Asks: 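Let me give you the structure first, and then I'll get to my questions.
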Amino acid sequence: MTEFLQLLVIGLLEGGLYAMVAVAMVLVYKSTHVVSLAHGQFMGFGALAFWFVLVQLKMPIVVALVLALCFAAAVGWAVERFAMRPLIGQPLFAAFLTTFATFLMMDGLFQLILKGESASFAAYLPLGSISVAGKPLPTTQLASFGASLLLFAGLAVFFRFTKVGLGMRATAEDHQLAQSTGITVRSIFSYIWMLSTVVATFAGIALANVSDIYFTLPYMGIKGLIVALVGGLDSLPGALLAGLLLGVLENVSAGYLDPIVGGGVKEVAAYVLLLLVLLIRPYGLLGLVRIERI
Amino acid sequence: MLQINNAEVIYSDVILVLKGVSAQVPDGRIVALLGANGAGKTTTLKAISGVLRTELGEVTDGSVELDGKPIHRMDPEEIVRLGIVQVMEGRRLFEHLTVEENLLVGAYMRKDAAGIGQDLAKTYGYFPRLSDLRRRTSGYLSGGERQMLVMGRSLMARPRIMLLDEPSMGLSPLLVKEIFRVVRAINDEENVAILLVEQNARIALSISEHGYVMENGRIVLDGPSERLRENEDIKEFYLGLSDKGRRKSYREVKHYKRRKRWLA
Amino acid sequence: MWRPCGIFDETYRQDMAIVRTPLRWGVLTVSVGVLLAAPLFCSYYIVSVLNTLAITVIAVLGLQIVTGYCGQVSFGQAAFMAVGAYSSAILTEKLGLSFWIAMPVAGVITGMYGLLGGAPSMRIKGFYLAVATIAIHFVTMWLVQHLEITGKSVGLPVSPPQIGPFAFDSDERMFYIIIPVMLAMTYGARNIVRTRVGRAFVAVRDNDLAAQVMGINIYYYKLLAFFISCFYAGVAGSLWAHYHGVCHPEQFQLLRGLWYIGMLIVGGLGSIPGVFFGVILIRALDESVLMLSPYFAQWFPWLGTAPAAGLGLSAFGLVLALFLIKEPRGLAHRWEIMKASIRLYPFAY
Amino acid sequence: MRTRWIRWAVVVISAAFLSWGLFPGVSWAKEVAFLDLSDFTGPVAGLALPSSFGIEDYLKDVNAKGGIDGVKIKYIGVDTRYDVARALSAYKSYARDPSVVAMEIVSTPVGKMLQNLLRSAKFVCLVPGDGEFQAHIGNFWPWGPTYQDAFAATIDWVLADWKKKGQSGKPKIAVLSWDNAYGREMLRGGKEYAEKQGVEVLPSELFPPGSLNHDVYLTRLEKAGVNYIYVGGVDPTQTNVMRDASRLGLPKKIQFISDYWGPSALGISLHPEALEGMVVISYFLRGDEAQNHPLLKRLWTTYRNQPADKMNEGYGMGVGAAITLVGAIKDAIKRVGADKLTREEIYNSYQKVTGLSREGILGPCAYSPTSRRGSDVVKFYKVTGGKIVPITDWVKTPDAVSLHKW
């Protein structure tokens, strides 16, 4: 039983990180109906910017965070302005593929900057472990998990209680209607992309805190996509729930099934879960089932 | 005063929908726009509110002017800011938002928090039913409630001119009466000019002061509502009465229409 | 299909013809002839590029049927190719069948497997289906890496096709298997999409509800589309395995499946010539970046050779993004416009 | 407006093709080329980049000194992006260029795919450490000892260590590595060797590259009573595994040993506390030994313009491979003269450079007609106080490849 508990907790911690990645994607999808593959790179570049200011320029952590977030917002703005806006009204798959092209473009630069090495800001952020019920839990992951919960709460408040949040939700439902009620849909798109790259940067920093900045970091984007789908592409609570679920499932299944099938269950668990969820609940766990009145 | 001068609208560069439409909506008045399906009424409204451009349509000739300033090249959100609000056909709501959130979206471009609060109370005053439903997800409302909500939402923008597209469609006679009572009240109390597009000519002409009749992308007839109500053709086609005052069969109407008395 | 004014089909035969005019017959015969003679005057490298192109065209043709015509987006084409490649390898190496039997059988096996891939389409559509096929990709590749029969992560060696003692063991020889198969498959695809089945596909794509109301069993047609598409993938996979002489799980990565969709969009959805445009454009772009990558080092000496070579990836992404922004409806769309403007020259309309 | 960009695109693309057509035409007499098909932007970039730097810089240095008897060696680096189709067409575009006399492939799937093609081409192709190429002697030349041999050498070290610690009986060892072809390679032969020595090898724990957390695998191994864990993967995989292990307090009970692509000095400097005590097996110099090596230091500071302590030790491995290449070319020139440098001659020379000294960066060259191993000695290092320090001298590796049924 203790073993199960340990797997559960580790899974929850890992899942919190997945959820954060997914939230950034859900934000974009909700409003613009574009599924973005580029978010993995936004994480990578966000973490890289944070690392650059913190470790290379040796600035205080707050400055680094603020600068990294500004950088992320600028990237988000640019992507929306130059890649997404010209595609408004065009097939959605063209937009999807453009985000993929953006991913490739940024991937080349990312690798160019890293040159095969890894970058870490280990010395600045909490390391070590806290003993909970006799089991050592990683503080890096705890800190990242806490940050993702905070971020999530912040987003919920933002959408529920602010005017821009309301505008974003309205835009998400019906672009034309939103426009005819006086919402500037184009600037909402711009804000959404900026918000989502900022969230992706948070996720990138949290991830890099756990496993350093390495070429694999942007590929976490695929995990995020799966989590977003399991939770429902347009549901923020769904992203959180699915992230946690996936994290737990991966660790528990690896814990119990690996010895039976000879290893490697962790990498396939996510996809099996996704298939099952899509077959049982096609719009994801908490995704909006389109309200259709007859 | 809103003025449409000889506006011509083309969709996707090829389909000519409005072939030179002129009309005007004086401040604080109710103006009715009548016509059969596909006559171009909704397109006229879209040309005014600017929504046209999101549907690959374009005003290619003529102009739409508000107080003498052309507005047909503006984005829809700018036009809303000028005080022209369209209540779109089909009662489109933000279905996953609650009733109150829908109303607040209507006031999105306003900056005065206190005024928004007052207007919210006022809207609930016009539509007491909405006040009971304020926390309800709007997608589950009934047709009449939806109509109230879309009108309430546009009221929240504190408009000068409201473009009302087929408010009576598919509603029971009692509800229609109620809706038009509120339309009247809005016009009287808020001094909002209303451009009303309707199939139900009887009611439209009874509350409006001026009427336009459209056919095939053109205005074919206009005049004060009382005069239109007395017009033989209006009676014939829109009120469904023949010159002898009895109901006519559809076949006769078509036959009669082939003479194209109105074609300009 | 757009046609110039004044051209009508007067007989049923004319309406059904694939190649419509003598001029087109001429152009087609000459270009097929030139293509088949390519190894005589092209370099080894070009021949190998043509081989890869042709295999890719087969896989993407299948994708065009399921995605472009039937509207079911599939990112799993690479995994389906893997199924085809492995079944062909197992059939020839472990069961001793000849390649000529193994290739179509591998196609059918993959088609059957594709029904599994198409199963979720009963419940989901659009992007959800697309990502479900990503999941199918990973589950398939995981199985390939963990099953005994597929040689686990080590892969399987495959011998070249043979007729009697004559082995198709070089690029030039394989060319004469790959290209005819590709031509036949293209002809097949062209035929499928203009029959009753093809029209049903288009109906399902454009409005599945309306199609259902009209009496089209949409689920049957979706599965059929998946079967056909995977048959194509299986044949492509079989050719791929025998051409390369080896099956290895890492040959069939998710990126490949994404690229196939990319080629489809760049070429134009719902158009058979579009497949050729897309495949050729993306491959040409990729090849030129690959060829130029050693020169990046000369242009950006301060980066060093290896990182500068990596810059090719960025250049590739940039060109692709620009292309998509400028021509999101694909090259086939542009092709139709160009044909029309040539026909109408010198008048604008 | 719409057609204008198309016109531009046509101009740019044709210019690109033209330039590609022109450049290869520019070639000088007596120049041979080394083709590097590497994954510069993918999973094994951490290994491919530093070694490619090493090869390129050493060749530059040789060319700067006038070449080998006047023959210059050009370095061509192509990014294959871990994609076999790209690698295939890259290979084929150079396959019939006679000036390319040797190549390397840093990507296991690409290597496996080109196996058949290269077998008939009599072409030297350097690869990382797969034992399959030693088992089937052909055109693939692992840079150093195979993965199996390194694992076998580790078994020897483990037995010695076990005895030194005064333990009785036999130790238990397990492999914790990536879930792919590479992750399982060391056991094909390595396992047989361990069994022969009486060491129990527990079932391997395999995880997807890029895992965030390894607790599941580590606790399971701990429960199974393992004494030594051999960690595979390319740096920083080991670092991430060790971060979890040290948090769980495992390094006190279990000795962790890293495969030779393990933590570089740079990786250790990022997480010294986690890696403390880890043993690293290596066939090339590591740590201060590499960074203070006169040749490596000179090359690195001259051609990379960076201080020596920024050097990844994979650089040294690349330099070692380049020294071997230059040695083979020298040998070929001596035998047939500079004008008759063909692939086949280089291939023959590669079989004759047995014993060639690599300035101590790698052990003496072990290539021969019967061996494809780059060397057959390894060194054990241990992370102590944030530095990686040698704990043994060069040790000969046992032959584990031949124990496996291939």
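Quick caveat: nothing in here was measured; it's all calculated off a predicted structure. We name chains A, B, ... by the order of the sequence lines, and we start the count at 1 in each one.
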Asks: If you look at every heavy atom in D:Lys92 and C:Tyr45, which pair is closest and at what distance?
Replies: O-CB, 3.8 Å
Asks: Quick one: what part of D:Leu114 sits under 4.5 Å from any heavy atom of chain C, side chain, backbone, both or neither?
Replies: neither
Asks: At a heavy-atom separation under 4.5 Å, does C:Tyr243 approach chain D through its side chain, its backbone, both, or neither?
Replies: side chain
Asks: May I ask you to test the C:Leu313-D:Phe40 pair for a side-chain heavy-atom distance under 4.5 Å?
Replies: no
Asks: Under a 4.5 Å cut-off applied to non-hydrogen side-chain atoms, are D:Asn180 and C:Glu250 in contact?
Replies: yes
Asks: Find the one option among C:Asn51, C:Asp169, C:Val246 whose heavy-atom pairs under 4.5 Å with chain D are most numerous.
Replies: C:Val246
Asks: Mind listing the closest non-hydrogen atom pair of D:Asp79 and C:Leu290 along with its distance?
Replies: O-CD1, 3.7 Å
Asks: Given a strict heavy-atom distance threshold of 4.5 Å, which part of D:Asp36 is in contact with chain C: side chain, backbone, both, or neither?
Replies: neither
Asks: So what's closer than 4.5 Å to chain D heavy atoms on C:Asp171: side chain, backbone, both or neither?
Replies: side chain
Asks: Could you look at D:Tyr303 and say if it's the side chain, the backbone, both or neither that has a heavy atom under 4.5 Å from chain C?
Replies: neither
Asks: Between D:Arg86 and chain C, which part of the residue has a heavy atom less than 4.5 Å away: side chain, backbone, both or neither?
Replies: both
Asks: Evaluate the criterion side-chain contact (heavy atoms from CB on, under 4.5 Å) for residue pair D:Arg96 and C:Ser43; output intermediate values, then yes/no.
Replies: CA-CA 9 Å; D:Arg96 304 219 170 146; C:Ser43 73; over 6 Å; no
Asks: Is C:Trp142 close to chain D through its backbone or its side chain, or both, or neither, when contacts mean heavy atoms under 4.5 Å?
Replies: side chain
Asks: Give the C-alpha distance, both sets of side-chain angles, the deciding distance and a yes or no for side-chain contact (heavy atoms from CB on, under 4.5 Å) between D:Ser89 and C:Arg283.
Replies: CA-CA 10 Å; D:Ser89 55; C:Arg283 282 308 312 169; 3.9 Å; yes
Asks: Using non-hydrogen atoms and a 4.5 Å limit, figure out which bit of D:Tyr182 sits close to chain C: side chain, backbone, both or neither.
Replies: neither
Asks: As an exercise: rank D:Ser52, D:Ser107, D:Ala90 by heavy-atom pairs under 4.5 Å with chain C and give me the winner.
Replies: D:Ala90
Asks: Under the side chain to side chain contact (heavy atoms under 4.5 Å, CB included) test against C:Val154, which residue among D:Arg188, D:Arg184, D:Glu185 passes?
Replies: D:Arg188
Asks: Which region of C:His248, side chain (C-beta onward) or backbone (N, CA, C, O), has a non-hydrogen atom less than 4.5 Å from a non-hydrogen atom of chain D, or is it both or neither?
Replies: side chain
Asks: Would you please test C:Gln251 and D:Asp83 for side-chain contact (heavy atoms from CB on, under 4.5 Å) and show each step?
Replies: CA-CA 7 Å; C:Gln251 288 176 341; D:Asp83 175 344; over 6 Å; no
Asks: Chain D: which of C:Val49, C:Leu311, C:Asp286, C:Thr56 shares the most heavy-atom pairs with it under 4.5 Å?
Replies: C:Asp286
Asks: May I ask you to check whether over 12 heavy atoms, not counting those of C:Leu40, lie within 6.0 Å of atom CG?
Replies: yes
Asks: Which atoms of C:Gln253 come close to chain D, meaning under 4.5 Å heavy atom to heavy atom: side chain ones, backbone ones, both, or neither?
Replies: side chain
